[in-house]
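Contents: one structure, followed by commentary.
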Amino acid sequence: MKVETSVDLAVRVGGLTLRNPVMPASGTFADGLEKVMDFNRLGAIVTKTITRELRDGNPLPRVVERPGSLINAIGIPSKGVPDFINKTMPHYAPYDTPLVVSISAPTADGFASLARELTLPGIAAIEANISCPNIEEDGKAFAMRAETTEKVTRELRAATKLPLWVKLTPNTGEMPEVAKAAEAAGADAVVVSNTILSMAIDLKTFKPCLGNIMGGLSGPAIKPIVLRHVFQCARAVKIPVIGCGGISNADDAIEYMLAGASAIQVGTATFVQPAAMISVLEGLERFCVVREIPRIADLIGAVDIEESDEPDVAWLNPVT
Amino acid sequence: MKVETSVDLAVRVGGLTLRNPVMPASGTFADGLEKVMDFNRLGAIVTKTITRELRDGNPLPRVVERPGSLINAIGIPSKGVPDFINKTMPHYAPYDTPLVVSISAPTADGFASLARELTLPGIAAIEANISCPNIEEDGKAFAMRAETTEKVTRELRAATKLPLWVKLTPNTGEMPEVAKAAEAAGADAVVVSNTILSMAIDLKTFKPCLGNIMGGLSGPAIKPIVLRHVFQCARAVKIPVIGCGGISNADDAIEYMLAGASAIQVGTATFVQPAAMISVLEGLERFCVVREIPRIADLIGAVDIEESDEPDVAWLNPVT
Amino acid sequence: MSSVSAANTDAHAQGRSAAAPAAEFKPSVVADLTTVIANEPVNAEYRHLVASCSIEAAQAKPGQFFQLLCPHSGSEQPYLRRPMSVYGADPEKRQVSFLYKIAGAGTHGLALLGPGDTLDVMGPLGVGFRLDPAWRHIVAVGRGAGLATLAPLAQAAKQADMKVTAVLSARRPNLVVSDALFRSYGADVVVVTDSESTSGPANVERILRQLIADGRCDAFFTCGSSRLMQVQQKLAREFSLAGQVAMEQQMACGLGLCYCCVRDFNIGGEIVHRRVCWDGPVFDLMEALP
Amino acid sequence: MSSVSAANTDAHAQGRSAAAPAAEFKPSVVADLTTVIANEPVNAEYRHLVASCSIEAAQAKPGQFFQLLCPHSGSEQPYLRRPMSVYGADPEKRQVSFLYKIAGAGTHGLALLGPGDTLDVMGPLGVGFRLDPAWRHIVAVGRGAGLATLAPLAQAAKQADMKVTAVLSARRPNLVVSDALFRSYGADVVVVTDSESTSGPANVERILRQLIADGRCDAFFTCGSSRLMQVQQKLAREFSLAGQVAMEQQMACGLGLCYCCVRDFNIGGEIVHRRVCWDGPVFDLMEALP
Ligand SMILES: Cc1cc2nc3c(=O)[nH]c(=O)nc-3n(C[C@H](O)[C@H](O)[C@H](O)COP(=O)(O)OP(=O)(O)OC[C@H]3O[C@@H](n4cnc5c(N)ncnc54)[C@H](O)[C@@H]3O)c2cc1C
Ligand SMILES: Cc1cc2nc3c(=O)[nH]c(=O)nc-3n(C[C@H](O)[C@H](O)[C@H](O)COP(=O)(O)OP(=O)(O)OC[C@H]3O[C@@H](n4cnc5c(N)ncnc54)[C@H](O)[C@@H]3O)c2cc1C
Ligand SMILES: Cc1cc2nc3c(=O)[nH]c(=O)nc-3n(C[C@H](O)[C@H](O)[C@H](O)COP(=O)(O)O)c2cc1C
Ligand SMILES: Cc1cc2nc3c(=O)[nH]c(=O)nc-3n(C[C@H](O)[C@H](O)[C@H](O)COP(=O)(O)O)c2cc1C
Ligand code: FES
Ligand code: FES
């Protein structure tokens with residue numbers, strides 16, 4: 001049931017005003033969801049990451065479940081740019097929801113040329129998935145370090161006038177520095193975050209559960225970790241932070257906004273409850289009504305930390 | 001029920017031969033467990049981290065639960081060295097189980113002098129918890145970077161002849177490098193790992209759920225992540241890796257040993273099932289009997305990865 | 001991905017609502033909180049679960065499937081849904097049923113459900129079997145859980161009044177499922193088993209050649225055995241017969257979102273990936289690869 | 001930490017098994033899979049759960065507690081155990097019982113249990129109430145869930161044949177619990193409530209002073225209200241009476257391992273941390289801080 005309210009759900013995110021803060025996480029959304037929900041209710045549409053090269057993706061098995069989580073190593077199956085422009089874009093054109101294209105490339109140049117080519121009417125923003133291997137840095141993801149993040153973001157910034165969102169990896173130990181580097185190089189927002197590198201082994205066969213040996217952990221299990229990254233990044237940069245990690249319901253989304261997220265992305269939860277994004281949206285509305293919060297934007301960074309609570313340096317790495 | 005078998009459960013870990021690979025994780029073990037289990041059945045006893053300074057620990061609340069996990073910010077309440085020597089050590093003396101003392105300090109010197117003072121008969125090994133803030137590096141934990149790990153480990157190595165275990169943090173993006181640094185500086189083993197920095201916010205009060213604002217995530221939720229770290233570290237160093245993270249049952253322990261762990265530590269699971277260590281131990285025995293594995297050490301690093309499976313650089317950070 | 005869905009415009013058409021305003025939007029796939037009516041063992045390995053459901057779910061077509069949110073058995077809650085073919089669907093009674101084998105955590109949890117319990121089923125999903133009105137005789141060849149997938153063909157074929165011959169393969173005679181259902185719709189049923197060593201490809205091929213010779217095989221429908229599929233591909237090629245196969249693959253989303261369920265298919269000589277959940281689970285027999 | 005446990009050598013003595021070989025080792029704390037006998041509401045807020053348990057669990061003493069592994073209510077399984085005071089323990093019948101208020105996820109799950117269901121209770125834990133044989137009259141003052149904690153004192157005192165006066169505080173008369181149980185063991189029961197505005201510190205102090213004046217108060221036992229505790233501390237100091245208080249604190253391990261349950265206490269003028277689960281939950285009245 002859609003709640004009729006006067007709550008203002010709009011949020012400003014990296015150069016765009018979204019009708020609400022709820023959008024899909026890249027790679028967990030496709031036209032199949034049209035059977036489940038009205039895309040015009042979403043704050044934005046974020047497509048699966050595309051690359052210039054045609055890619056098949058990783059060997060199977062590509063997913064394995066763990067309690068409250070999923071490990072995936074899909075890889076990035078990609079049909080390339082022409083297919084995206086000729087088929088994907090027209091498909092979403094009828095919707096009046098901003099279309100955000102997620103892109104990836106093995107080099108900074110590759111990112112830039114892809115962004116340039118996709119700077120088109122009908123594309124509302126570019127999400128650069130820089131959590132992918134940088135072949136110029138023997139496979140370390142761009143987002144693992146501030147320097148490489150700054151370089152690729154700078155080239156991206158020069159290549160497009162579109163709002164530029166940069167998606168970070170939680171596998172680094174210096175996420176706030178990486179977020180600062182993206183901001184300095186001209187990113188309009190950072191997406192925090194991609195999956196956490198993980199592994200699972202089959203006790204019957206002694207083989208890795210994934211064809212790729214390792215994969216990315218997502219789902220409820222990672223929420224407390226990514227929430228911390230969002231909190232730290234939101235305090236490190238002035239540009240908006242888009243929270244993404246284990247959001248399954250409105251309470252999760254609110255926790256992220258309180259920590260500093262201006263908008264949120266729902267990923268794996270959609271696999272379990274296909275209408276998850278809609279129930280998150282309706283739950284956010286309800287929460288604001290019940291708590292008499294006129295604008296949902298009032299929640300952004302509203303976590304109540306009295307200076308007295310401010311922990312000493314120890315909290316950077318609490319000694320547990 | 002104790003399984004009577006001919007399985008050889010002994011493992012060699014960082015200068016010690018343990019009767020079996022099962023031991024407690026520091027900070028989740030104390031004399032209270034004598035009401036539950038016979039400490040003579042454990043592979044080793046690992047004490048709560050002690051510091052030279054007397055410490056009260058962090059403000060309350062100190063723990064909050066999340067699905068399949070616990071976030072804690074206990075801090076390190078410490079009664080100091082004399083209390084440890086005069087009360088804790090004599091208390092465990094009657095057991096014929098190796099006593100491992102976990103230590104922490106705010107400086108490399110502090111670590112060294114503490115290790116020197118605790119190099120005593122009755123102490124079987126020192127576990128250096130270098131996941132704690134290094135005041136010489138404005139609060140970044142020693143184990144966040146290879147250089148600081150190498151420095152503190154070198155000073156520790158010079159300070160004690162005892163087997164030296166170095167406990168790493170998963171909050172860094174360069175754990176294999178950190179493990180290599182510990183090895184190069186003379187560590188006899190690395191413990192992988194401590195908790196993952198996390199956060200939780202109370203939606204009623206908008207306040208952080210922990211007095212310390214952030215805390216360390218532990219329990220089943222982190223197992224796939226730490227398992228990956230163990231796999232990567234075990235391939236990076238020749239010294240033994242002790243696996244620690246989300247182990248609740250024998251299957252978890254086996255998964256860790258297959259990934260490369262020579263022994264394992266059980267932490268949070270003990271809070272839910274106080275006899276968890278014993279059931280892990282009995283389950284390990286049973287598994288070896290059923291699968292006709294004569295020596296449990298045969299499981300160490302036995303994950304079956306055909307060269308063909310060897311992923312390209314992409315697997316370092318799979319693009320999901 | 002849109003090329004793929006374009007290729008499926010018909011199959012998935014009802015899903016398209018383009019920019020319809022919220023007011024008008026009607027989902028064609030729902031996560032339906034059904035109520036279990038029965039959940040009984042049918043033999044040593046299989047159980048039959050009947051649930052009363054929404055009209056959307058009850059309209060599932062043969063070969064389509066649902067994603068079941070299996071209750072936890074013991075402490076551990078299976079995180080992902082589990083795919084299950086529709087075994088029966090009755091729009092009048094608003095019922096859907098499944099025939100499942102207990103394999104692991106999810107199906108164990110499923111087996112714990114009793115009458116009155118709630119079961120969250122998401123669907124109907126995927127592209128089902130298609131019956132060409134021109135066909136008079138169809139042959140269904142299945143094994144294991146594949147028999148559950150083929151079963152609803154019996155009723156559909158009868159309604160389209162086609163004659164059905166079902167070749168059902170199992171390890172032992174008492175592990176055969178769906179035979180009664182096939183018979184109840186007037187199908188001829190041939191049971192082949194390992195224990196009687198009648199289930200080998202050679203014998204099945206002999207049976208199928210006879211059916212073709214008798215002019216009682218306009219199309220093959222198969223599920224659950226790669227070996228038997230290959231026999232049918234060979235015969236379909238030899239006699240240029242139509243055929244469809246229902247494939248299995250591990251799934252996460254069930255809606256074509258995640259690409260974990262891909263398999264290789266031979267589309268006009270080119271080997272390409274297809275998503276079993278979205279492009280299938282039913283595929284053209286000749287495009288499928290073992 | 002060992003200083004602390006040293007201070008508790010008596011209380012925890014039975015836990016010590018030093019280097020006893022496995023054969024001889026007998027746990028004094030077990031995670032006991034009990035069977036629920038009854039789990040009924042006693043009023044709008046509280047439920048009474050009775051379970052048949054092991055002999056170890058049935059030997060729980062007044063003021064001790066168990067860590068309950070609460071079943072999940074809905075999808076989410078509470079990860080930690082939940083501390084609950086022993087409300088009753090009967091070694092003959094091998095039963096243990098709890099009186100609990102439904103607060104959140106864990107206690108909601110608890111409320112779902114029915115007769116025959118299994119409940120994993122770990123205990124008995126902590127240091128309970130101590131009765132000095134010299135005492136003839138004790139006074140129990142409690143509020144809210146604290147009444148559950150004080151209740152087993154009634155029987156213990158009767159066995160030690162001491163007279164008990166119970167001052168039971170609640171928001172409304174119909175929310176008072178344990179009064180029947182106190183009366184059944186011959187205790188005098190005084191009920192004070194907010195709705196009748198008899199529960200204020202001033203009135204309770206009046207009542208207590210009267211009891212002292214009548215020579216019917218050798219010791220205070222209290223739980224569940226910081227304000228009432230302070231009243232008793234004041235009177236205990238004034239009349240140098242003994243007293244014990246049962247404290248609450250969030251817990252993880254319940255066995256003194258994790259230090260999440262610490263509170264400040266005044267031990268001989270020095271403010272120190274004590275673990276409620278291990279050094280308590282029952283503490284000397286004069287050492288407790290509000
Ligand atoms: C389209 C489709 C229709 C199906 N219809 C039926 C049916 O009608 N009756 C029936 O008994 N079974 C059917 N299956 C197989 C059924 O999905 C699996 O038996 C079930 O998922 C096993 O789950 P589990 O937790 O019990 O086993 P586990 O082995 O614990 O499952 C672990 C993971 O592997 C996946 N998995 C395991 N086996 C299979 C399999 N054979 N196919 C796909 N995924 C698998 C599970 O979904 C889960 O993600 C179908 C599968 C597909 C893809
Ligand atoms: C020694 C001891 C004895 C107790 N005896 C009783 C009793 O006999 N009857 C009764 O009704 N209650 C008793 N309590 C309180 C009871 O433990 C809490 O009501 C219960 O833990 C709430 O859990 P929840 O999941 O329902 O609530 P939630 O609020 O969802 O719990 C969230 C977390 O906070 C903790 N928590 C919440 N409230 C309390 C509290 N008051 N004390 C300690 N931890 C809390 C929970 O254990 C859990 O870890 C006792 C507490 C302690 C420490
Ligand atoms: C199956 C799957 C595929 C994904 N593909 C992509 C992708 O193509 N690009 C990307 O940036 N992130 C991808 N992700 C990561 C998600 O966008 C998201 O960052 C992550 O899953 C955490 O959010 P969640 O816990 O809500 O799923 C993928 C995640 C999953 C589970
Ligand atoms: C309550 C608590 C206290 C801890 N205290 C310490 C500590 O003092 N020193 C330390 O090195 N690790 C400490 N840890 C971390 C554990 O030793 C372990 O590394 C971590 O919890 C992961 O293992 P687990 O998932 O099995 O709990 C603590 C963990 C918890 C939950
Ligand atoms: S299961 Fe996700 S695409 Fe098929
Ligand atoms: S609850 Fe762990 S020390 Fe008290």
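Every chain is numbered from 1 and lettered A, B, ... according to where its sequence line falls, protein lines coming before strand lines.
- Looking at heavy atoms from C-beta onward, B:Cys209 lies in side-chain contact with B:Arg66 at the 4.5 angstrom threshold.
- Neither the backbone nor the side chain of A:Arg62 comes within less than 4.5 Å of any heavy atom in chain B.
- If you measure heavy-atom distances from B:Ser218 to chain A, you find no contacts under 4.5 Å at all.
- Contact count versus chain B (heavy atoms, under 4.5 Å) is highest, among A:Leu227, A:Asp202, A:Leu217, for A:Leu227.
- Neither the backbone nor the side chain of A:Leu210 comes within contact range of chain B; no heavy atoms are under 4.5 Å apart.
- Using cut-offs of 30° and 60° on the angle between ring planes, the pair B:Phe206 and A:Phe287 is parallel.
- Taking both residues in full, the closest heavy atoms of A:Ile201 and B:Leu258 are given as CG2-CD1, 3.9 Å, listed atom of the first, atom of the second, then distance.
- For the residue pair B:Ser131 and B:Thr169, no side-chain donor N or O sits within less than 3.5 Å of a side-chain acceptor on the partner.
- Here B:Ile196 is the residue among B:Ile196, B:Ile222, B:Val230, B:Thr205 with the most heavy-atom pairs under 4.5 Å with chain A.
- Two residues are said to be in side-chain contact when any heavy atoms from C-beta on lie closer than 4.5 Å; A:Val191 and A:Val46 fail this criterion.
- If you run side-chain contact (heavy atoms from CB on, under 4.5 Å) between B:Ile225 and each of A:Ile225, A:Leu197, A:Ile71, only A:Ile225 comes through.
- Heavy atoms of B:Leu203 lying under 4.5 Å from chain A belong to its backbone as well as its side chain.
- Note: A:Ala200 leads A:Ala200, A:Gly68, A:Gly27 in heavy-atom pairs under 4.5 Å with chain B.
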